[in-house]
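Predicted model only: the values in this text are computed from it and were never measured.
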Amino acid sequence: MFSPQKVDFQKGDGLVPAILQDARTGQVLMLGYMNQEAYEKTCAEGVAWFYSRSKERLWMKGETSGHTQKVIAIDLDCDQDTILLSVEPQGPTCHLGNQSCFGDDYFNLAVLERTITKKIAYPEEGSYTKYLMEQGLDKILKKCGEEMTEVVIAAKNRDANELLDESSDLFYHYLVLLQEQGLQLKDVETRLAERHGVKHTYSVRDDIQQW
């Protein structure tokens, strides 16, 4: 699935650190270690394998819980002695049940998008997202227009707090609009990357997971 790159395993006596990062949100999920065999199995199978220093054996992340890590991209640092795996976690990464081994106190627009996706896939009574999707495109467009107008007014008034509030509302409604249109934030990032001459290797639209 992935062509193995030249990794410097000698520097760390046969092991290199491997970082898991959520491909969708950018959140760092965990740090493990790989030897050459674990790295090659990860490249070949498209799921994260590690080497356990305590048990002295290979192990696949999620082999017991079923919460495997689907690999989207593999990168090396400039010294070729640290591996970065961009993954789609198939459930919590941490054995304590958290999304990340570093805690779940993490938020950005991609996390908001994930929440919106979940609310659309599993609508709950009283959900505002559910209400917008039921009302349809015209309602969503109306709200986007209203929030954009509020952003302009806040900026014209040079009211920073109001601008932040209205911008937050606008981003939420914009993400709902993208979902209604079958698009996601990553698609926008991909188009921006193309405009800046950056090769983007993955779009979540290729393989949308239901959260």
Side-chain angles (χ1 to χ4, degrees), residues 1-111 113-114 184-209 211:
M1 296 186 67
F2 298 92
S3 298
Q5 303 175 60
K6 186 176 181 180
V7 182
D8 186 357
F9 289 102
Q10 299 304 314
K11 190 179 299 183
D13 295 326
L15 296 178
V16 298
I19 302 166
L20 263 60
Q21 182 179 37
D22 192 315
R24 194 170 189 177
T25 68
Q27 183 180 20
V28 175
L29 301 175
M30 67 163 284
L31 170 69
Y33 290 86
M34 289 185 179
N35 61 5
Q36 186 165 351
E37 186 179 3
Y39 173 65
E40 291 177 352
K41 285 178 72 67
T42 297
C43 290
E45 299 180 14
V47 294
W49 281 83
F50 297 95
Y51 180 82
S52 172
R53 294 174 297 171
S54 59
K55 298 180 181 179
E56 298 184 341
R57 68 171 180 86
L58 295 184
W59 64 285
M60 181 180 71
K61 181 62 180 174
E63 62 186 10
T64 301
S65 67
H67 300 157
T68 55
Q69 304 286 321
K70 179 181 177 181
V71 179
I72 303 304
I74 303 176
D75 295 293
L76 301 180
D77 73 340
C78 57
D79 293 323
Q80 297 181 303
D81 60 3
T82 301
I83 299 170
L84 176 64
L85 301 180
S86 297
V87 300
E88 282 185 1
Q90 310 299 297
T93 301
C94 180
H95 71 284
L96 298 178
N98 297 322
Q99 188 66 24
S100 167
C101 292
F102 299 96
D104 288 345
D105 187 17
Y106 181 88
F107 190 86
N108 60 14
L109 288 177
V111 174
E113 180 183 55
R114 173 185 288 181
Q184 298 215 351
L185 187 60
K186 197 73 173 182
D187 296 309
V188 179
E189 293 173 345
T190 300
R191 184 57 53 87
L192 289 171
E194 291 170 353
R195 291 181 179 181
H196 285 79
V198 177
K199 183 179 179 181
H200 220 72
T201 58
Y202 175 69
S203 171
V204 294
R205 189 173 53 177
D206 298 334
D207 188 12
I208 295 174
Q209 298 294 316
W211 300 90

Discussion item. Apply side chain to side chain contact (heavy atoms under 4.5 Å, CB included) to residues E113 and R24 and explain how you reach the verdict.
Written reply: CA-CA 9 Å; E113 180 183 55; R24 194 170 189 177; 4.2 Å; yes
Discussion item. R57: which residues meet the side chain to side chain contact (heavy atoms under 4.5 Å, CB included) condition with it, sequence neighbours left out?
Written reply: K55, W59, E63
Item to complete: Using side chain to side chain donor-acceptor pair (under 3.5 Å) as the criterion, list what pairs up with Q5, not counting sequence neighbours.
Response: none
Worksheet item: Should we count CG of D105 as having more than 12 external heavy atoms under 6.0 Å?
Response: no
Worksheet entry | Rounded distance (nearest 0.5 Å) linking atom OG1 of T68 with atom CD of E88 | 10.5 Å
Item to complete: Would you mind reporting whether E40 and N35 have side-chain heavy atoms less than 4.5 Å apart?
Response: no
Practice prompt. Looking only at non-hydrogen atoms, find the nearest pair between P92 and G97 and report the distance.
Written response: CB-O, 3.5 Å
Item to complete: Please name all residues satisfying side chain to side chain donor-acceptor pair (under 3.5 Å) with Y106, sequence neighbours left out, ordered by chain then number.
Response: N108
Worksheet item: Does the Q21 side chain pair with the main chain of G26, one donor and one acceptor, at a distance under 3.5 Å?
Response: yes
Practice prompt. Could you tell me whether the side chain of I83 reaches within less than 4.5 Å of the side chain of M34, counting heavy atoms only?
Written response: yes
Fill in: Residues Q69 and T93: side-chain donor-acceptor under 3.5 angstrom
yes
Discussion item. With a 4.5 Å cut-off on side-chain heavy atoms, are Y51 and E56 touching?
Written reply: yes
Worksheet entry | Between CG on residue L29 and CZ on residue F102, distance to nearest 0.5 Å | 9.0 Å
Worksheet item: Got a second to check how far D75's CG is from L85's CG, nearest 0.5 Å?
Response: 9.0 Å
Worksheet entry | Spacing of NZ belonging to K61 relative to CD belonging to Q90, to within rounding of 0.5 Å | 13.0 Å
Practice prompt. Verify, without hydrogens or angle tests, whether S86 (side chain) and I72 (backbone) share a donor-acceptor contact under 3.5 angstrom.
Written response: no
Discussion item. Let me confirm one number: the CZ-CG distance from F50 to L20, rounded to the nearest 0.5 Å.
Written reply: 4.5 Å
Worksheet item: Of all residues at least two apart in sequence or in a different chain, which pass the side chain to side chain contact (heavy atoms under 4.5 Å, CB included) check with F107?
Response: V111, L112
Worksheet item: Hey, does P89 have a side-chain heavy atom less than 4.5 Å from the side chain of Q99?
Response: yes
Item to complete: With T82 as reference, evaluate L76, I19, V16 under the side chain to side chain contact (heavy atoms under 4.5 Å, CB included) test and give the passing residue.
Response: I19
Item to complete: Could you please spell out the steps behind the side chain to side chain contact (heavy atoms under 4.5 Å, CB included) verdict for Q36 and V7?
Response: CA-CA 8 Å; Q36 186 165 351; V7 182; over 6 Å; no
Fill in: side chain to side chain contact (heavy atoms under 4.5 Å, CB included) evaluation trace for D79 with K11
CA-CA 10 Å; D79 293 323; K11 190 179 299 183; 4.1 Å; yes
Discussion item. How close do M1 and A44 get, counting heavy atoms only, and between which atoms?
Written reply: CG-O, 3.6 Å
Worksheet item: What's the verdict on side chain to side chain contact (heavy atoms under 4.5 Å, CB included) for L84 and D77, showing C-alpha distance, side-chain angles and the deciding distance?
Response: CA-CA 8 Å; L84 176 64; D77 73 340; over 6 Å; no
Fill in: Residue pair S100 / Q27: nearest heavy atoms and the distance that separates them
CB-NE2, 3.5 Å
Discussion item. Just to verify, what does S65 make a side chain to side chain donor-acceptor pair (under 3.5 Å) with, not counting sequence neighbours?
Written reply: none
Practice prompt. To the nearest 0.5 Å, tell me how far N98 CG sits from D104 CG.
Written response: 4.5 Å
Response to the item:
side chain to side chain contact (heavy atoms under 4.5 Å, CB included) filter on F2, not counting sequence neighbours, yields C43, V71, I74
